[in-house]
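Notes follow once the structure below has been shown.
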Amino acid sequence: MQHSFFFQAMIYLAAAVVMVPLAKKAGLGSVLGYLLAGIIIGPACLHFIGEEGEDLMHFAEFGVVMMLFVIGLELEPMRLWRLRKSIAGLGGLQVCITIGVIAGLAMLLKVDWKQSVALGMIIAMSSTAIVLQSLQEKGLMKSSAGQSSFAVLLFQDIAVIPILAIFPLLVNEANIPAAGSSDHHNLVGELPAWMQTGVVLGSVAVVILTGRYLMRPVFRFIAKTGMREMFTAMVLLLVVGIAVLMTTVGLSPALGAFLAGVVLANSEYRHELESDIDPFKGLLLGLFFIAVGATIDFNLILSKPLVVLGLVLGIMISKMLVLRLLGRIFGLTRDQNAIFSTALCQVGEFAFVLFSFSSQAGILTKDITDIMVAVVAISMALTPLVIWLNEKLVLHFSDKAAPEDLPPSDVAEEDNPVIIAGYGHFGTTIGRFLNANKIGTTVLDINSDNVDWLRRAGFKVYYGDASRHDLLEIAGATRAKLIVIAIGDEEKRLEMIETIKKHFPNLRMLVRASNRFDAYDLMNEGILNIYRETLDTSLRVGVDVLKMLGHSAEAATRSAKTFFLHDEKALKHLSAVRNDDNEYLLAVRATFEELSRMMEADREATNLDTAEPKDKNCMALG
C-alpha cells in the first residue's frame, strides 16, 4: 500500500500541510517547512519515502524551471539592459571570486586542480528557489538587498552556459565510470568539446528566436479558440519543450525557460502566461524542497560528521565573506549587506544536476560527489534558518517578520454596485462613507490580519487577491457599476487595471495613486479617475461614487462635509484608547453607529435618496 500513487500523494500533501504552516508561524518561512517535511517523511525518520525520493527530485526540479520562466516574464529586455551593470558587475564578481576562493581552498586540501575548479564553479551557484521565495515572503525583494540578490542570481543563471561549455575540458579519463554504469545520455555527449560549445550556443539561439517570432502568433491562434485549458496546455508544452531541448544538449532547462520568459516579457499574453503557470510552479517547487529534505543522506553525515559539518560551514562562511565584501564595495548599507550576504551563502539546486553530470563525465569521483550532495542539501536546509537568525539576532527587523500563513480566499457571490479592492487606511475611509450612505459595497483585501481585525470591528470584508479575474467575477464584477482600486502596491494596481480592462471592460475604475509619478503611470493606462492619498481625497472618491450613482452633487458634498467633521471629532477619542485593543474595537463600532445615525438624519433633511441624477461624467485628479 505504501508504494501506491495515492498513498504517496497523501503523505506528501499531509507533510506539507502540517509542517509549512508551523514553520511560517515560527517565522522560519515556507521553504524550511518543506525541507523539514521531507526530512520527517524520508529515510531519516518515518521511512515513508525510500529510494524514490531521488526520482522525485528529478521531477520536482521542473518547479525550478517554471519559476525561472515566470521570473523571465517579469523582466522586460529593456529593464534587463538597464540592470546590466548590477548583473555583470556584482554578479560577475561574485561568481569569479567565489570560484577562485573555493578552488584555492580545495587545492589546499590536496584536491586535483581540475576537480577544484569544477567544485568552485558548482559551489559558486546559489539557490534561486530558496533565495527568491524567502525574500518575497519577507517583503524584501524591492529592497537594495533584494535587488542585489536578484542581480547575482540572474548572472549565475546566465553563467551556466560558459560553465557547461568549460566542463568537458576538465574531464579526467581516470575518473570516467565504466561503460553501462551511467544512465546519462544526450545528443552531444560524444561530440568534441568545441562542437559541444557550438551546439549549446545554438540551442540558446533557437529558444530566443522561437520565443520572439513563433510563439506570439501561436498564442494568438490558441487565444482565439476561447478555450482556456488549451492556452494552459500550450504554456506547459512550451516550458516542457524547452526543458527537453536544454536537457538533450546538456544545458540547464531552467536557463532555457528563463530566456524564453524574457523574450515573451513584452508579449500581450504575459500576465495570462504567468497566471496559468503559477499553480504548477508553486506545487512543483514545494515538491522540490520536500525532495531535497528527503534525499539528505544522514547515514553518510553520521559516519563523517566533522567532515560534513566542516565543509558546510566552510562553504557558507566563505561565500558569506565574499558577498559581504562585494556588498560593501557596491554601496549596500550595513543592514542590507547582512541580508544580502546571508541570503546567498548556500549552494544552489542546480548543483545536484552538475554533480551528477560531473560524476558521469569523469570530472569528479563518486566519493566526492556523494559527500558534496549531502553538503549542498544541508546548506540549502540551513539557509532559511540563517536568514531568520540574522533577522532576529542581528537586524531586529520586527517590521520584516515573516507574515502569518495566509488562508484560502473566502470571496462569496455579491451583487453590489461598488467593489472596493484594498481596505487599508485609504479604502476603509471610502467604504465607511459609502456604507453610511446605504451604498452596497463588496470589499476585497489580501492582508489576512487586516481582514480578521476589520471583521472583529464589525465590517464585512472578504479575503482575496483582487488582481485575479476569477475572484473579481465571483465578487460580482460583471454586474457592478464601479470598482475603487485602493490597494497600496503600485505594481499590483497596474496588474489589476490590466485584468479589469481585459475581462470587465464595462466596469468603471476609480484608482488610488501613491504619488505624482504613480499617477502618471495610471494616466498612461487610460485611467481617468485618479485619486492621490489624503483624507480629503478619499472623501472625494466617495462623493464621486455617489454622483455617478445618481445622487445630487450638493447633497453628496454636504454628506462628505458631515462625514469629515464627525471623523475629525472621532479621531481624538480613538487616539486616546488606541493602546487598548478591546476598548478601541468597541469605540470603532460606537463611532460608526453614531456616524450612520447622523448620515441618515442628513439624508432625510436633504432628500439625498430621491435627488435627480446629475452629470455622471466625473473626473478627479488629486
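The chain is numbered in sequence order, starting from 1.
- Of all heavy-atom pairs between V131 and S149, the closest is CG1-CB, 4.3 Å.
- Contact of the V418 side chain with the K481 side chain is not registered, since no non-hydrogen atoms from C-beta on lie closer than 4.5 Å.
- Rounded to the nearest 0.5 angstrom, M230 CE and L237 CG are separated by 11.0 Å.
- Here the side chains of I87 and V152 are not in contact, with every heavy-atom distance at 4.5 Å or above.
- In this structure, V484 and Y531 have side chains that are not in contact, with every pair of non-hydrogen atoms separated by 4.5 Å or more.
- With a 4.5 Å cut-off on side-chain heavy atoms, M234 and F219 count as touching.
- Across all non-hydrogen atoms, the minimal contact from A421 to A466 is CB-CB, 3.6 Å.
- When all heavy atoms of G422 and A486 are compared, the pair lying nearest together is O-CB, 3.6 Å.
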**Chi angles and distances behind the side-chain contact (heavy atoms from CB on, under 4.5 Å) call for L132, F150** = CA-CA 8 Å; L132 294 186; F150 180 77; 4.2 Å; yes
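- The structure places CZ of R508 at 11.0 Å from CD1 of I527, a figure rounded to the nearest 0.5 Å.
- To the nearest 0.5 angstrom, M496 atom CE is 13.5 Å from K501 atom NZ.
- Under the 3.5 Å distance criterion, the side-chain polar atoms of S148 are left unmatched by any main-chain donor or acceptor of A145.
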**Request:** Decide yes or no on side-chain contact (heavy atoms from CB on, under 4.5 Å) for T342 and L389, but give the supporting numbers first.
**Result:** CA-CA 10 Å; T342 53; L389 289 173; over 6 Å; no
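- In this structure, a donor-acceptor pair under 3.5 Å is present between the side chains of N416 and T442.
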**Request:** Could you give me the CA-CA distance, side-chain angles and deciding distance for F433 and V545, then say whether side-chain contact (heavy atoms from CB on, under 4.5 Å) is met?
**Result:** CA-CA 10 Å; F433 176 73; V545 170; over 6 Å; no
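- The closest donor-acceptor contact from the side chain of R493 to the backbone of I487 lies under 3.5 Å.
- In this structure the side chain of K438 reaches within 4.5 angstrom of the side chain of E600, judged on heavy atoms.
- Contact between I290 and A16 at its shortest, heavy atoms only, is CD1-CB, 4.3 Å.
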**Prompt:** Would V443 and Y462 count as a side-chain contact (heavy atoms from CB on, under 4.5 Å) if you check the C-alpha gap in whole Å, the side-chain angles of each, and the deciding distance to 0.1 Å?
**Reply:** CA-CA 6 Å; V443 179; Y462 293 113; over 6 Å; no
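- E593 places none of its side-chain heavy atoms less than 4.5 Å from the side chain of S596.
- When all heavy atoms of L135 and A343 are compared, the pair lying nearest together is CD2-CB, 4.5 Å.
- Of the possible polar contacts, one joining the N435 side chain to the G431 backbone as a donor-acceptor pair under 3.5 Å is found.
- Considering CZ of F340 and CG of N390, their distance stands at 13.0 Å, rounded to 0.5 Å.
- Judged by distance alone, with hydrogens and angles left aside, the side-chain atoms of S134 form a donor-acceptor pair with the main-chain N or O of I130 at under 3.5 Å.
- Residues H551 and V543 are not in side-chain contact: their nearest non-hydrogen atoms beyond the backbone lie 4.5 Å or more apart.
- Between I500 and I485, the closest side-chain pair of non-hydrogen atoms falls below 4.5 Å.
- We find the CZ-CG distance between R540 and N529 to be 10.5 Å, quoted to the nearest 0.5 Å.
- The two residues I439 and P417 make their nearest non-hydrogen contact at CG2-CG, 4.3 Å.
- With rounding to the nearest 0.5 angstrom, the OG1 atom of T429 is 7.0 Å from the CG atom of L539.
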